[in-house]
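Input: a single structure, listed below in structure tokens.
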Amino acid sequence: MQLRFVLNRPRSSQNIGAAARALANTGAGALWVVEPLGFDRGQAAKLAAGADAVLERMRVVRTLDEALADCLDVVMTTGRTVPGALAPDQTAARLLSCPGTCALVFGDEVRGLTNRDLQRAAAVATIPTAQKSSLNLAQAVLVFGWEILKARGTASPPAPPDEPLAPERLLSLLRERARALLLASDFLNPQQPDLVLDELVSLARRARPTQREVELLLAAVAQLQRTRRD
């Protein structure tokens, strides 16, 4: 199991450095950063406080799609109230049970992750708080990292699946192709097509489909598109 902590468009280089330190403290996973705004490695290194190895191995990518493409499970974090959201210990247990690459995603320091971002998660996680709902970005990374560190001591290695699970890139491709077909079929409201579409894709994510199952759905969509053109 390979776990990555994904910071989506963070605004503060110092928060990136502090997150690197948190991951060095806990050994919870690798650091991935999506389009860091005005990244200053010197500022990040100051807050990393000796976690230079984590910063050196940090992957910087242009899009969230790129960061999640090969992931079999994606949990996204939010400070908002979301029904059924996982607590940090539940999140740790879920991620450690994944039989392949998985990701825990954090939004930026001002707005966090958008509702649209959260729709593409297989699960949503939040940190219970008292007077203020949001935490500093690096603090949130540390809380989840600590729970993963604790859980690793008792977690059993995940059993390999009978068949390979579908990675995020296949589910995203299914969404893209189904969107075009369902719009052309007048199934989706052209003014707000993503409302229903995201519900359908969310259903597929929760089902944890195999790669073959999603490939079959892609083949079915392709055949329906050809039939419409004939």
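Counting heavy atoms from C-beta on, the side chains of Leu7 and Val141 come closer than 4.5 Å. Using a 4.5 Å heavy-atom threshold, the side chains of Pro10 and Pro36 count as touching. Side-chain contact between Leu182 and Leu200 is present, with at least one heavy-atom pair separated by less than 4.5 Å. For the pair Ile148/Thr26, no side-chain contact is recorded, criterion being any heavy-atom separation below 4.5 Å from C-beta on. The closest side-chain heavy-atom distance from Leu104 to Thr77 is below 4.5 Å.
Under the salt bridge (charged side-chain N to carboxylate O under 4.0 Å, His left out) criterion, the residue pairs touching residues 4-30 are Arg4-Asp70, Arg9-Glu35, Arg11-Asp108, with sequence neighbours excluded. Residue pairs meeting the ring pair (Phe, Tyr, Trp, His ring centres under 6.0 Å) criterion with at least one partner in residues 107-152, sequence neighbours excluded, are Phe106-Phe144.
Leu72 and Leu173 are members of different hydrophobic clusters when ILVMFWY side chains are connected at heavy-atom separations under 4.5 Å. Val75 and Val201 fall into different hydrophobic clusters, where Ile, Leu, Val, Met, Phe, Trp and Tyr residues are linked whenever their side-chain heavy atoms come under 4.5 Å apart, directly or through other members. Under a hydrophobic-cluster definition in which Ile, Leu, Val, Met, Phe, Trp and Tyr are linked whenever side-chain heavy atoms come within less than 4.5 Å, directly or via other members, Leu142 and Val33 are assigned to different clusters. One hydrophobic cluster holds both Val60 and Leu3 under the rule that ILVMFWY side chains link at heavy-atom gaps under 4.5 Å. Put simply, Leu183 and Leu217 are part of two different groups of oily side chains (I, L, V, M, F, W, Y) that touch within less than 4.5 Å, one to the next.
To the nearest 0.5 Å, atoms CD (Glu163) and CD (Gln211) are separated by 10.0 Å. Rounding to the nearest 0.5 Å gives a distance of 6.0 Å between CG of Leu31 and CG of Leu23. To the nearest 0.5 angstrom, Glu147 atom CD is 9.0 Å from Ile127 atom CD1. A distance of 12.0 Å separates CG in Asp65 from CZ in Arg62, rounded to the nearest 0.5 Å. To the nearest 0.5 Å, atom CZ of residue Arg179 and atom CG of residue Leu197 are 7.0 Å apart.
In this structure, the side chain of Gln90 engages the main chain of Ala87 through a donor-acceptor pair within 3.5 Å.
Partners of Arg175 according to the side chain to side chain donor-acceptor pair (under 3.5 Å) rule, which considers only residues two or more places apart in sequence or in another chain, are Asp194, Asp198. Residues meeting the side chain to side chain donor-acceptor pair (under 3.5 Å) test with Thr210, sequence neighbours left out: Glu213. Among residues two or more places apart in sequence or in another chain, the side chain to side chain contact (heavy atoms under 4.5 Å, CB included) test is passed with Leu181 by Ser185, Val221, Leu224, Gln225, Arg228. Looking at residues two or more places apart in sequence or on another chain, you find no salt bridge (charged side-chain N to carboxylate O under 4.0 Å, His left out) involving Arg177. The side chain to side chain donor-acceptor pair (under 3.5 Å) check on Arg111 picks up nothing, with sequence neighbours excluded. Residues satisfying the side chain to side chain donor-acceptor pair (under 3.5 Å) test with Glu176, not counting sequence neighbours, are none.
Hydrophobic side-chain contacts under 4.5 Å tie Leu37 to no other Ile, Leu, Val, Met, Phe, Trp or Tyr residue. If you chain together ILVMFWY residues whose side-chain heavy atoms come under 4.5 Å of each other, Val34 ends up grouped with Val6, Trp32, Val61, Leu64, Leu68, Val74, Met76, Val82, Val105, Leu113, Leu118, Val124.
The minimum heavy-atom distance linking Gly145 with Ala28 is given by the pair CA-CB, 3.6 Å. Minimum heavy-atom separation, Cys102 to Cys71: C-SG, 4.0 Å. Among all heavy-atom pairs drawn from Asp73 and Ala122, the shortest one is OD1-CB, 3.2 Å. Pairing each heavy atom of Ala103 with each of Leu95, the nearest pair is O-CD2, 4.0 Å. When all heavy atoms of Thr126 and Gly79 are compared, the closest pair comes out as OG1-CA, 4.1 Å.
Heavy atoms from other residues, nucleotides or ligands lying under 6.0 Å from CZ of Arg80 number more than 12.
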In residues 164-172, what donor-acceptor pairs under 3.5 Å come from side-chain atoms, sequence neighbours left out?
unit_1: Glu168; atom_1: OE1; unit_2: Arg205; atom_2: NE; d: 3.3
unit_1: Glu168; atom_1: OE2; unit_2: Arg120; atom_2: NH2; d: 3.4
unit_1: Glu168; atom_1: OE2; unit_2: Ser172; atom_2: OG; d: 3.3
unit_1: Glu168; atom_1: OE2; unit_2: Arg205; atom_2: NH2; d: 2.5
unit_1: Ser172; atom_1: OG; unit_2: Glu168; atom_2: O; d: 3.1

Just list the side-chain donor-acceptor pairs under 3.5 Å for residues 46-57, sequence neighbours left out, or say none.
unit_1: Glu56; atom_1: OE2; unit_2: Arg41; atom_2: NH2; d: 2.8

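Side-chain N/O atoms of Gln119 and Arg116 include no donor and acceptor closer than 3.5 Å.
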